[in-house]
Amino acid sequence: MVEVQVQSAARSVAPQDRLWDVVILGGGPAGMAAGLYTGRALLSTLIIEKAVPGGQIANTYLVEDYPGFLSIEGPELARKMEEQARHFGAEIVYGDIESVDLKGGVKTVLTSEGTYRGRTVIVATGASPRKLGVPGEDELAGRGVSYCAICDGAFFKGEKLAVIGGGDSALDEGYFLARYASKVTIIHRRDEFRAVRQLVERARQHPKVEFLMNRVVERIEGDGKVERLILRDTRTGERSAFPVGGVFVYIGMIPNTGFLKGQLKLDDRGYVPAPEDCATGIPGVFVAGDVRYKFLRQLTTAVADGSVAAMMAEKYLLDQGVEPGTKEKEAAVKA
Ligand code: NAP
């Protein structure tokens, strides 16, 4: 009861005017897990999210590989994660992160909406869809070119659709789109899928899903909206026009680390290298989720990172002499 009163008093101070124990960049599964742990540990916790909490799962049709849920819709799981982080005291603000200053005992985060200060920072900004980079893609984005089946699938009822890619996302979202489309063709550049067998088989057995292998997209064409893809056969070099009403691109992700340049070491693909303890090498700065270089990028590994980063942030604060809950009490006394 005391804890709830203390936290509500601290909340009367604007997020920009507080010095947070933990500032978490990104409200996906890694950020939400970190916020749940640090909030529950009575550390004052701010999560900065760009748009919709939940990250990639907010745009995922079904999640079937998260322990505890036989099957759950991505947006619902995202909502539950947000609810749980908030329940334990984490606060969420919205804004685009523009730059950070991570050195020193107080780190600053500049966003489109304001500047926030934290004793520790957990970078959990995830990754964004990779683009094909072919002519017509940008011009027809939102006019038949999409990167989110959940967001846009319903606009394509009765249409013939193409999904580009051969990983879990392409196979999962291709299957999802079949509920709206008259036909879904999953177009992959090799003769073998990268996706797990279960997803490939589920798609293969769907009467409205077909596979087109060994093809790459060279151009996306249409007059004001997508009408056809120009494909090249990677074995013969032969080009062909493939008529479609929409194309969904699922060819992997790019880490969201542009704002970290000059602050944290990044690998050649832009990921933050960090060992199992999620420490970045800068005191008080940790990294979690898909933005960290790692072997397996899954929901489960993202939340695992989030919890490790949170515990490491707490340990760092204790080493600095910051007692969990103290700052909330100070703020409450001042309020
Ligand atoms: P991914 O596993 O990296 O797969 C990307 C796919 O796109 C690959 O098949 C790749 O082909 C193809 N590709 C890459 N660049 C291309 C280009 N320029 N043109 C044509 N094709 C291109 O990415 P993802 O499917 O988005 O998955 C990302 C992570 O999320 C993975 O760890 C995945 O397991 C996870 N995930 C899991 C689920 C689930 O239900 N469990 C659902 C979605 C995502 P190659 O195979 O030839 O390299």
*Asks:* What heavy-atom pair brings Ala149 and Glu173 nearest, and what distance separates the two atoms?
*Replies:*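 Smallest heavy-atom distance, with atoms named: CB-OE1, 3.6 Å.
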
*Asks:* Between Thr38 and Leu43 (side chain of the first, backbone of the second, donor and acceptor by atom type, cut-off under 3.5 Å), is there such a pair?
*Replies:*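 The answer is no, because no donor-acceptor pair under 3.5 Å joins these two groups.
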
*Asks:* Where the side chain of Arg297 meets the backbone of Asp290, is there a donor-acceptor pair that is under 3.5 Å apart?
*Replies:*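 Here the side-chain-to-backbone pair exists.
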
*Asks:* Taking all non-hydrogen atoms of both residues, which atom of Asp168 and which atom of Ala195 are closest, and how far apart?
*Replies:*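 Closest approach of Asp168 to Ala195: OD1-CA, 3.1 Å.
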
*Asks:* Do the side chain of Lys208 and the main chain of Ala181 share a donor and acceptor less than 3.5 angstrom apart?
*Replies:*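 It does hold such a pair.
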
*Asks:* Before you tell me yes or no, could you show the steps for Ile186 and Tyr175 under side chain to side chain contact (heavy atoms under 4.5 Å, CB included), namely the whole-Å CA-CA distance, both residues' side-chain angles and the distance that decides it to 0.1 Å?
*Replies:* CA-CA 9 Å; Ile186 299 177; Tyr175 179 85; over 6 Å; no

*Asks:* For atom NZ of Lys183, is the number of surrounding heavy atoms from other residues, nucleotides or ligands below 6.0 Å larger than 12?
*Replies:*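 For Lys183, atom NZ is not crowded (no more than 12 foreign heavy atoms under 6.0 Å).
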
*Asks:* Between Leu77 and Phe69, is there a side-chain heavy-atom distance shorter than 4.5 Å?
*Replies:*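 Yes, close enough: below the 4.5 Å cut-off.
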
*Asks:* Roughly how far apart are Leu46 CG and Leu19 CG, rounded to 0.5 Å?
*Replies:*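 One finds 11.5 Å between CG of Leu46 and CG of Leu19.
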
*Asks:* Under the rule for side chain to side chain contact (heavy atoms under 4.5 Å, CB included), what residues qualify as partners of Thr301, not counting sequence neighbours?
*Replies:*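 Checked Thr301 against side chain to side chain contact (heavy atoms under 4.5 Å, CB included); matches are Lys294, Leu296, Gln298.
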
*Asks:* Using a 4.5 Å cut-off between side-chain heavy atoms of Ile, Leu, Val, Met, Phe, Trp and Tyr, which other residues end up in the same hydrophobic cluster as Val244?
*Replies:*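 Joined to Val244, directly or through intermediates: Leu132, Val134, Leu140, Val145, Tyr147, Ile164, Ile187, Leu212, Val217, Ile220, Val226, Leu229, Leu231, Phe242, Val247, Val249, Ile251.
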
*Asks:* Please assess Phe286 against Val308 for the test side chain to side chain contact (heavy atoms under 4.5 Å, CB included), listing each intermediate value before the final yes or no.
*Replies:* CA-CA 9 Å; Phe286 306 91; Val308 172; over 6 Å; no

*Asks:* Just by modelled atom types, is the Ala274 backbone N or O under 3.5 Å from a matching donor or acceptor in the Arg292 side chain?
*Replies:*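 Side chain of Arg292 to backbone of Ala274, a donor-acceptor pair under 3.5 Å: yes, one is there.
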
*Asks:* Do you know the tightest heavy-atom contact between Asn256 and Val291?
*Replies:*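 Heavy-atom minimum between the residues: O-CG2, 4.1 Å.
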
*Asks:* State plainly whether one hydrophobic cluster holds both Leu110 and Val23, where clusters connect Ile, Leu, Val, Met, Phe, Trp and Tyr through side-chain heavy atoms under 4.5 angstrom apart.
*Replies:*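 Per the 4.5 Å side-chain linkage, Leu110 and Val23 are not co-clustered.
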
*Asks:* Are Ile48 and Val52 co-members of a hydrophobic cluster defined by side-chain heavy atoms under 4.5 Å apart?
*Replies:*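 Different hydrophobic clusters.
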
*Asks:* Before giving the answer on side chain to side chain contact (heavy atoms under 4.5 Å, CB included), spell out for Lys131 and Asp138 the whole-Å C-alpha distance, their side-chain angles and the decisive distance to 0.1 Å.
*Replies:* CA-CA 9 Å; Lys131 290 185 169 187; Asp138 285 343; 3.1 Å; yes

*Asks:* Using a 4.5 Å cut-off on heavy atoms from C-beta on, say whether the side chain of Tyr250 contacts that of Val163.
*Replies:*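 Yes; the side chains approach each other to less than 4.5 Å.
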
*Asks:* Is there a side-chain contact between Arg119 and Val322, using heavy atoms and a 4.5 Å cut-off?
*Replies:*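 In short, these two side chains touch, coming nearer than 4.5 Å.
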
*Asks:* Within this structure, what is the CE-CG distance for the pair Met311 and Asp277, rounded to the nearest 0.5 Å?
*Replies:*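 These two atoms lie 13.0 Å from each other.
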
*Asks:* For Trp20 and Pro15, indicate whether the former's side chain and the latter's backbone hold a donor-acceptor pair under 3.5 Å.
*Replies:*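 Such a contact is found between Trp20 side chain and Pro15 backbone.
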
*Asks:* Does any part of the side chain of Ile97, heavy atoms only, come nearer than 4.5 Å to the side chain of Thr111, both counted from C-beta?
*Replies:*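 A side-chain contact under 4.5 Å exists here.
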
*Asks:* Would you mind checking if Glu201 and Arg204 are paired as a salt bridge, meaning a charged N to carboxylate O distance below 4.0 Å?
*Replies:*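 Yes, charged N to carboxylate O under 4.0 Å.
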
*Asks:* Kindly indicate whether the side chain of Met253, heavy atoms from C-beta on, has any atom under 4.5 Å from the side chain of Pro129.
*Replies:*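 Yes. Closest side-chain heavy atoms under 4.5 Å.
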
*Asks:* For Tyr116, does the OH atom have more than 12 heavy-atom neighbours from other residues, nucleotides or ligands under 6.0 Å away?
*Replies:*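 Yes, because the 6.0 Å sphere around OH of Tyr116 holds more than 12 heavy atoms from other groups.
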
*Asks:* Can you check whether Gly289's main-chain N or O pairs, donor with acceptor, with Asp305's side chain at less than 3.5 Å?
*Replies:*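 The answer is yes, because a donor-acceptor pair under 3.5 Å joins these two groups.
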
*Asks:* Does the side chain of Glu314 come within less than 4.5 Å of Leu317's, by heavy atoms?
*Replies:*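 No; the side chains remain at least 4.5 Å from each other.
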
*Asks:* With the 4.5 Å side-chain cut-off for hydrophobic clustering, are Val196 and Met213 part of the same group?
*Replies:*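 Yes, Val196 connects to Met213 through the hydrophobic network.
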
*Asks:* Does the side chain of Asp191 reach to within under 4.5 Å of the side chain of Arg235, using non-hydrogen atoms?
*Replies:*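 No, their side chains stay 4.5 Å or more apart.
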
*Asks:* Is there a donor-acceptor contact under 3.5 Å from the side chain of Thr257 to the main chain of Gly270?
*Replies:*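 Side chain of Thr257 to backbone of Gly270: a pair is present.
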
*Asks:* Identify which one of Met81, Met32, Glu73 satisfies the side-chain contact (heavy atoms from CB on, under 4.5 Å) criterion when paired with Ile57.
*Replies:*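 With Ile57 as partner, Met81, Met32, Glu73 yield a single side-chain contact (heavy atoms from CB on, under 4.5 Å), made by Met81.
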
*Asks:* Begin from the C-alpha positions of Leu177 and Phe248 and carry the test side chain to side chain contact (heavy atoms under 4.5 Å, CB included) through to its verdict.
*Replies:* CA-CA 9 Å; Leu177 286 168; Phe248 287 76; 3.6 Å; yes

*Asks:* I'd like to know if Ile72 and Val303 are part of one continuous hydrophobic network [Ile/Leu/Val/Met/Phe/Trp/Tyr, side-chain heavy atoms within less than 4.5 Å].
*Replies:*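 Linked within one cluster.
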
*Asks:* What closest approach, in Å, do Phe259 and Val123 show between heavy atoms, and which atom pair accounts for it?
*Replies:*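 What the structure gives for the nearest pair is CZ-CG1, 4.4 Å.
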
*Asks:* Give a yes or no on whether Asp223 atom CG has more than 12 heavy-atom contacts from other residues, nucleotides or ligands under 6.0 Å away.
*Replies:*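 Counting other residues, nucleotides and ligands, CG of Asp223 stays at 12 neighbours or fewer.
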
*Asks:* Could you give the distance from CD1 (Ile254) to OH (Tyr271), rounded to the nearest 0.5 Å?
*Replies:*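 Taking CD1 in Ile254 and OH in Tyr271, the distance rounds to 8.0 Å.
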
*Asks:* Any side-chain to backbone donor/acceptor pair from Thr120 onto Asp21? Under 3.5 Å, distance only.
*Replies:*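 Judged by distance alone, yes, a pair lies under 3.5 Å.
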
*Asks:* Is there a side-chain contact between Leu260 and Val272 in this structure, where contact means two heavy atoms from C-beta onward sitting under 4.5 Å apart?
*Replies:*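 A side-chain contact exists here, since the closest heavy-atom pair is under 4.5 Å.
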
*Asks:* Are Phe193 and His188 close enough that their ring centers fall under 6.0 Å?
*Replies:*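 Yes; His188 has its ring centre under 6.0 Å from that of Phe193.
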
*Asks:* Looking only at heavy atoms, which two atoms of Ile122 and Ala288 are closest? And how far apart?
*Replies:*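 Heavy-atom minimum between the residues: CG2-CB, 4.2 Å.
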
*Asks:* For Gln263 and Leu102, indicate whether the former's side chain and the latter's backbone hold a donor-acceptor pair under 3.5 Å.
*Replies:*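 Checking the backbone N and O of Leu102 against the side chain of Gln263, a donor-acceptor pair under 3.5 Å is found.
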
*Asks:* Using 0.5 Å steps for rounding, measure from the CG atom of Leu62 to the CD atom of Glu76.
*Replies:*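 One finds 10.5 Å between CG of Leu62 and CD of Glu76.
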
*Asks:* For Lys50, does the NZ atom sit with more than 12 other heavy atoms under 6.0 Å from it, leaving out its own atoms?
*Replies:*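 12 or below, so no.
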
*Asks:* Glu159 vs Lys225, test: salt bridge (charged side-chain N to carboxylate O under 4.0 Å, His left out). Steps then yes/no.
*Replies:* CA-CA 13 Å; Glu159 297 269 17; Lys225 64 179 190 54; 5.5 Å; no

*Asks:* Nearest 0.5 Å, please: how far is CZ in Arg189 from CZ in Arg194?
*Replies:*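 These two atoms lie 7.5 Å from each other.
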
*Asks:* Using distance alone, with no hydrogens and no angle criterion, decide if Thr108 and Asp101 have a side-chain donor and acceptor under 3.5 Å apart.
*Replies:*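 No, Asp101 and Thr108 have no side-chain donor paired with an acceptor closer than 3.5 Å.
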
*Asks:* Is the number of heavy atoms from other residues, nucleotides or ligands within 6.0 Å of CZ (Arg190) greater than 12?
*Replies:*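 Atom CZ in Arg190 is crowded, with more than 12 foreign heavy atoms closer than 6.0 Å.
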
*Asks:* Working to the nearest 0.5 angstrom, can you tell me the gap between Asp233 CG and Asn214 CG?
*Replies:*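 Going from CG on Asp233 over to CG on Asn214, the span is 6.5 Å.
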
*Asks:* What closest approach, in Å, do Ile47 and Gly26 show between heavy atoms, and which atom pair accounts for it?
*Replies:*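 What the structure gives for the nearest pair is CG2-O, 3.7 Å.
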
*Asks:* Begin with the C-alpha distance, continue with both residues' side-chain angles, and end with the deciding distance and a verdict on salt bridge (charged side-chain N to carboxylate O under 4.0 Å, His left out) for Arg269 and Asp267.
*Replies:* CA-CA 5 Å; Arg269 292 196 300 153; Asp267 72 7; 5.2 Å; no

*Asks:* Name all residues meeting the side chain to side chain contact (heavy atoms under 4.5 Å, CB included) criterion together with Tyr94; count only those two or more places apart in sequence or in a different chain, and write none if there are none.
*Replies:*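 If we apply the side chain to side chain contact (heavy atoms under 4.5 Å, CB included) test to Tyr94, skipping adjacent residues, the hits are Glu49, Pro53, Glu82, Arg86, Ile92.
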
*Asks:* Determine yes or no for a side-chain-to-main-chain donor-acceptor pair under 3.5 angstrom, with Thr280 supplying the side chain and Val285 the backbone.
*Replies:*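 Yes.
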
*Asks:* Applying a strict under-4.5 Å side-chain criterion to I, L, V, M, F, W and Y, I'd like to know whether Ile24 and Leu299 cluster together.
*Replies:*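 Result: yes, single cluster for both.
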
